[in-house]
Asker: 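Pasting a structure below so you can have a look.
Worth saying up front: this structure is predicted, and the values here are computed from it rather than measured. All heavy atoms count here, side chains included; hydrogens, waters and symmetry mates do not. Just so it is clear: chains get the letters A, B, ... in the order the sequence lines come, proteins before strands, and each one is counted from 1.
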Amino acid sequence: MAEDTGSGRFFLITGRTPDQTKGMHSGKTGDFYRDAVSVAMLHPETLEEMGVTEGAAVLLKTEEGQVTLPSRPDKGLPRDIVFVPMGPTANRLIPADTGGCGMPSFKGIRVEVSPE
Amino acid sequence: MKTVNNAVCTFCGCLCDDISVDLADDGAVKIRGACANGKGHMEEYDASEASPMIRGRKASWDEAYREAADILSGARSPLFYGLSSTATEAQRKCVALADRLGAVVDTTSSVCHGPTGIAMQTFGEPTCSLGEVMNRADFLLFWGCNPMVAHSRHFTRYSLMPKGRFTPEGRKGRRVVLADIRETPSAKAVDRFLRIEQGRDYEVLTALRALVQGREMTATSVGGVPREELVSLAEEMTRCRYGAAFFGMGLTMTAGKDLNIGQYFSLVRDLNARTRFSVVAMRGHGNVAGADAVLTWQTGYPFAVSLAGGVPVYGPGEFTAVDMLARAEADAALVVASDPRAHFPAKAADYLDSIPHVVVDPNMSLTAAKATVYLPGAQYGVDAEGTYYRMDGVPIRTRAFRERSRPTDEEIFDRLLEEVDR
């Protein structure tokens, strides 16, 4: 399955955030929504280990694609997780393969993370 | 100024029906009692007359209906997708249109609780209403969901806080556990947070089932959870008077998918040998439960249904929208009140851009912005009335509190049915 392949040491998780939903109401074609779904959240110590200062860009790479996003610390995340709000930016990284059930792996695919 | 009470918010599956709306004489709307999501959903919708668009240019409704009907009836393999943020009255008309055209119909369930539907068909779903949870539940288990963000009033209105007939103490009389891989804002509201390693939900659920069944567990930990924590959770669940288990995308979207849900349902079934326990899926879109219900009522299946052969054929993986688009198997699409360009993997979203597609949506979206034909209907719960199904399957009639200047989705599908019959 897609989530079991790839070489990255991190797992990518996508999901709702307050700003992502706010952007849905204020208009998905606007800047607020675009910015709300274009951020990579990692544990602060993970960012520190990589030498990434708060807000600095990181490159996320999966077997499907790659995106460069500003980073944001989130203490609630495990050290091996990257969280990106659900939306068109995260979906550049998500394979379309559903394993025969219709649901892509929006949570748990392998991703490589590096300072940009 | 006029005030409308008990309006229904149609944003998420909670369908809160206690919303107050202040309507100023100048037309301004102020929403009271809703969460931030509901407030935005109801206040920021522009109910003024809106023009349909054909390839980005304004068109008359008649022109737009004709163009849309030509696109859909001219297709060899039309895909209908969405349906979860519109009323059941519109959903059944949309299915009738799909039947007329031999289309494939898939709902947003397929990228939401589709795996739950598959598990339900295999394992059954021991479920209950949210009213039963409020009135009876003294133990709540949330798994892979974040109600504080996605269903903001669930805790206060249905599960953690409310005082009910057999739960007079409200929050004080309830034990609440959240299992997830990350410590979300919801973790702050519960008594106990259980951190699961990414992708290990199935193993943890299997261990819990074994413990609930009274088996010995020799492993020191499973899925990142120490043995003693699993043992005490199993004891808490079996000791409660009435338990309710909720779950979200943390189970449906991660490794295992429908198998995770099957194991969750089976855990609840096992618990019913020891106490009383129910399970309720945290449904996202306002009427996604209605979309499942209507499609099942009309075709026998909840999503991923092909009507191409004249009889309904069910096929998750084959007739689900992401799969059909990624394999380039649709040559036209009708997108109803949903935004696949925002929420589908890029390969599927990019293919949608390459085929003619009709979008019916009260709000401009990334998909509507690139639609071949865009039909801006009214928004149920604001300027249109219709039936929505709450996440627990309870139908609720939505109210209109604004004057309507746009057609309802039901009227749009009626016109499209007329046009394709011409």
Asker: Considering only distance and modelled atom types, tabulate donor-acceptor pairs under 3.5 Å from the side chains of residues 341-349 of chain B, sequence neighbours left out.
Answerer:
| from | atom 1 | to | atom 2 | distance (Å) |
| --- | --- | --- | --- | --- |
| R341(B) | NE | D353(B) | OD1 | 3.0 |
| R341(B) | NE | D353(B) | OD2 | 3.3 |
| R341(B) | NH1 | L366(B) | O | 2.7 |

Asker: Determine, using ring centers only, whether F247(B) and F265(B) are less than 6.0 Å apart.
Answerer: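 So the answer is yes for these two rings.
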Asker: Keeping S38(A) on the side-chain end and R34(A) on the backbone end, is there a donor-acceptor pair under 3.5 Å?
Answerer: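 Yes: the side chain of S38(A) pairs with the backbone of R34(A).
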Asker: Go through the atoms of I13(A) and report whether side chain, backbone, both or neither lie under 4.5 Å from a heavy atom of chain B.
Answerer: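 When you check distances to chain B, only side chain atoms of I13(A) fall under 4.5 Å.
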Asker: Decide whether W143(B) and D201(B) meet the rule of one side-chain donor and one side-chain acceptor closer than 3.5 Å.
Answerer: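 The criterion, which ignores hydrogens and geometry beyond distance, is satisfied for D201(B) and W143(B).
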Asker: Using non-hydrogen atoms and a 4.5 Å limit, figure out which bit of I181(B) sits close to chain A: side chain, backbone, both or neither.
Answerer: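 I181(B) touches chain A through backbone and side-chain heavy atoms alike.
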Asker: Does anything in residues 17-32 of chain A reach chain B? List residues with heavy atoms under 4.5 Å apart, or say none.
Answerer: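 Near chain B, by residue number: T17(A), P18(A), Q20(A), T21(A), M24(A), H25(A), S26(A), K28(A), T29(A).
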Asker: If you round to the nearest 0.5 Å, how far is CZ of F319(B) from CZ of F303(B)?
Answerer: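 Rounded to the nearest 0.5 Å, the CZ-CZ separation comes to 12.5 Å.
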Asker: Is it the backbone or the side chain of D350(B) that comes under 4.5 Å from a heavy atom of chain A, or both, or neither?
Answerer: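 Answer is side chain: those atoms of D350(B) sit under 4.5 Å from chain A.
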Asker: In terms of side-chain heavy atoms, does S110(B) have a donor or acceptor partner in T320(B) at a distance below 3.5 Å?
Answerer: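 Distance-only check fails for S110(B) and T320(B).
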Asker: Pick from N146(B), N363(B), D339(B), T184(B): which one has the most heavy-atom pairs with chain A under 4.5 Å?
Answerer: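 The candidate making the most pairs under 4.5 Å is D339(B).
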Asker: Taking G100(A), G15(A), C101(A) one by one, which has the highest count of heavy-atom pairs under 4.5 Å against chain B?
Answerer: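 Of the candidates given, the most pairs with chain B belong to C101(A).
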Asker: Would you confirm whether T62(A), through its side chain, and E64(A), through its main-chain N or O, come within 3.5 Å as a donor-acceptor pair?
Answerer: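 Confirmed, T62(A) side chain pairs with E64(A) backbone.
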Asker: Specify which of R195(B), M364(B), R327(B), R182(B) makes the most heavy-atom pairs with chain A at under 4.5 Å.
Answerer: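 Most heavy-atom pairs under 4.5 Å with chain A: R182(B).
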Asker: Donor-acceptor pair, T122(B) side chain versus I118(B) backbone, under 3.5 Å?
Answerer: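 Confirmed, T122(B) side chain pairs with I118(B) backbone.
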Asker: For the residue pair F155(B) and F142(B), is the inter-centroid distance of their aromatic rings smaller than 6.0 Å?
Answerer: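 Under 6.0 Å, so yes.
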